[in-house]
Amino acid sequence: MQQPETYDQLLTTIDQKQPPRQWPVLLKAVWWDARGNWEEAHHLVDSLSGNMSNRIHAYLHRKEGDEGNARYWYNRAGKPFPKESLDVEIKGILEDLNK
């Protein structure tokens, strides 16, 4: 399956049991989050480094409601704490994964 370019395209795949094997790990983390499995999404990014994995890690903690931890990860990602909704943020993350 081709990598989704938009969040809406990603949502069309969440009825599957697993994300496509060929997808990159960060996209799989976004997929698990969209499917409602925060723990699996967090597990995938927890041991990674790099700005994008840190950004997804931050998003997940923001979604969880742990603002202090989220701020830590946004700082590691070189991003300010977002003012937009979680929905807008995750769509932006997916767009950036496709760049």
Side-chain angles (χ1 to χ4, degrees):
M1 170 176 271
Q2 187 173 338
Q3 186 170 317
E5 294 183 17
T6 67
Y7 193 71
D8 288 338
Q9 288 175 350
L10 181 129
L11 291 177
T12 67
T13 69
I14 63 171
D15 60 339
Q16 300 174 25
K17 291 183 180 182
Q18 299 281 326
R21 192 174 309 138
Q22 70 271 23
W23 284 5
V25 68
L26 295 178
L27 180 57
K28 289 178 183 179
V30 172
W31 185 89
W32 282 110
D33 175 65
R35 195 162 191 259
N37 191 332
W38 185 96
E39 292 81 12
E40 184 63 25
H42 184 262
H43 170 75
L44 288 174
V45 298
D46 195 34
S47 61
L48 298 177
S49 60
N51 287 344
M52 187 54 76
S53 62
N54 290 339
R55 183 176 171 197
I56 294 170
H57 202 153
Y59 161 82
L60 290 168
H61 282 295
R62 179 177 173 222
K63 185 173 187 177
E64 175 191 33
D66 187 349
E67 186 175 320
N69 203 356
R71 287 185 183 280
Y72 168 81
W73 288 103
Y74 284 116
N75 186 50
R76 298 245 346 230
K79 294 283 188 183
F81 193 88
K83 295 181 181 181
E84 70 262 11
S85 70
L86 289 166
D87 289 340
V88 170
E89 181 182 8
I90 196 62
K91 289 175 183 178
I93 286 171
L94 187 59
E95 286 176 14
D96 289 347
L97 282 174
N98 282 306
K99 289 182 180 176

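In this text, all values refer to a predicted model and were calculated from it rather than measured experimentally.
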- Message: Restricting to non-hydrogen atoms, name the atom on Y59 and the atom on Y74 that form the minimum distance, rounded to 0.1 Å.
- Response: CA-OH, 3.5 Å

- L86 side, atom CG; L60 side, atom CG - distance, nearest 0.5 Å: 10.0 Å

- So do P24 and Q3 actually touch side chain to side chain, heavy atoms under 4.5 Å? yes

- Task: Considering only NZ, NE, NH1 and NH2 on the basic side and carboxylate oxygens on the acidic side, decide whether R62 and E89 come within less than 4.0 Å.
- Result: yes

May I have the list of side-chain donor-acceptor pairs in residues 51-58 shorter than 3.5 Å, sequence neighbours left out?
{"from": "S53", "atom 1": "OG", "to": "S49", "atom 2": "O", "distance (Å)": "3.1"}
{"from": "S53", "atom 1": "OG", "to": "G50", "atom 2": "O", "distance (Å)": "3.0"}
{"from": "N54", "atom 1": "ND2", "to": "G50", "atom 2": "O", "distance (Å)": "3.2"}
{"from": "R55", "atom 1": "NH1", "to": "D96", "atom 2": "OD2", "distance (Å)": "2.3"}
{"from": "R55", "atom 1": "NH2", "to": "D96", "atom 2": "OD2", "distance (Å)": "3.3"}
{"from": "H57", "atom 1": "NE2", "to": "H42", "atom 2": "NE2", "distance (Å)": "3.0"}
{"from": "H57", "atom 1": "NE2", "to": "H61", "atom 2": "NE2", "distance (Å)": "3.2"}

- Item | Inter-residue atom distance T13.OG1 - D15.CG, 0.5 Å rounding | 7.5 Å

- Message: Same cluster or not: Y7 versus V88, using hydrophobic residues (I, L, V, M, F, W, Y) connected whenever any side-chain heavy atoms lie under 4.5 Å apart?
- Response: no

- Starting from the C-alpha separation in whole Å, work towards a yes-or-no answer on side chain to side chain contact (heavy atoms under 4.5 Å, CB included) for Q18 and W32. CA-CA 8 Å; Q18 299 281 326; W32 282 110; 3.6 Å; yes

- Between E67 and R71, is there a side-chain N and carboxylate O pair less than 4.0 Å apart? yes

- Task: Tell me, yes or no, whether the heavy-atom count around Q2 atom CD, taken from other residues, nucleotides or ligands under 6.0 Å, exceeds 12.
- Result: no

- Query: Given the rule that I, L, V, M, F, W and Y join up when any side-chain heavy atoms are under 4.5 Å apart, are W38 and Y72 in one cluster?
  - Reply: no

- Item | Non-hydrogen side-chain atoms of I93 and L26 separated by less than 4.5 Å | no

- Message: Show the nearest heavy-atom pair for residues A34 and I14, with the distance to one decimal.
- Response: O-CD1, 3.8 Å

- Task: Mind listing the closest non-hydrogen atom pair of A29 and V45 along with its distance?
- Result: CB-CG1, 3.7 Å

- Item | Joint hydrophobic cluster, W73 plus V30, side-chain heavy atoms closer than 4.5 Å | no

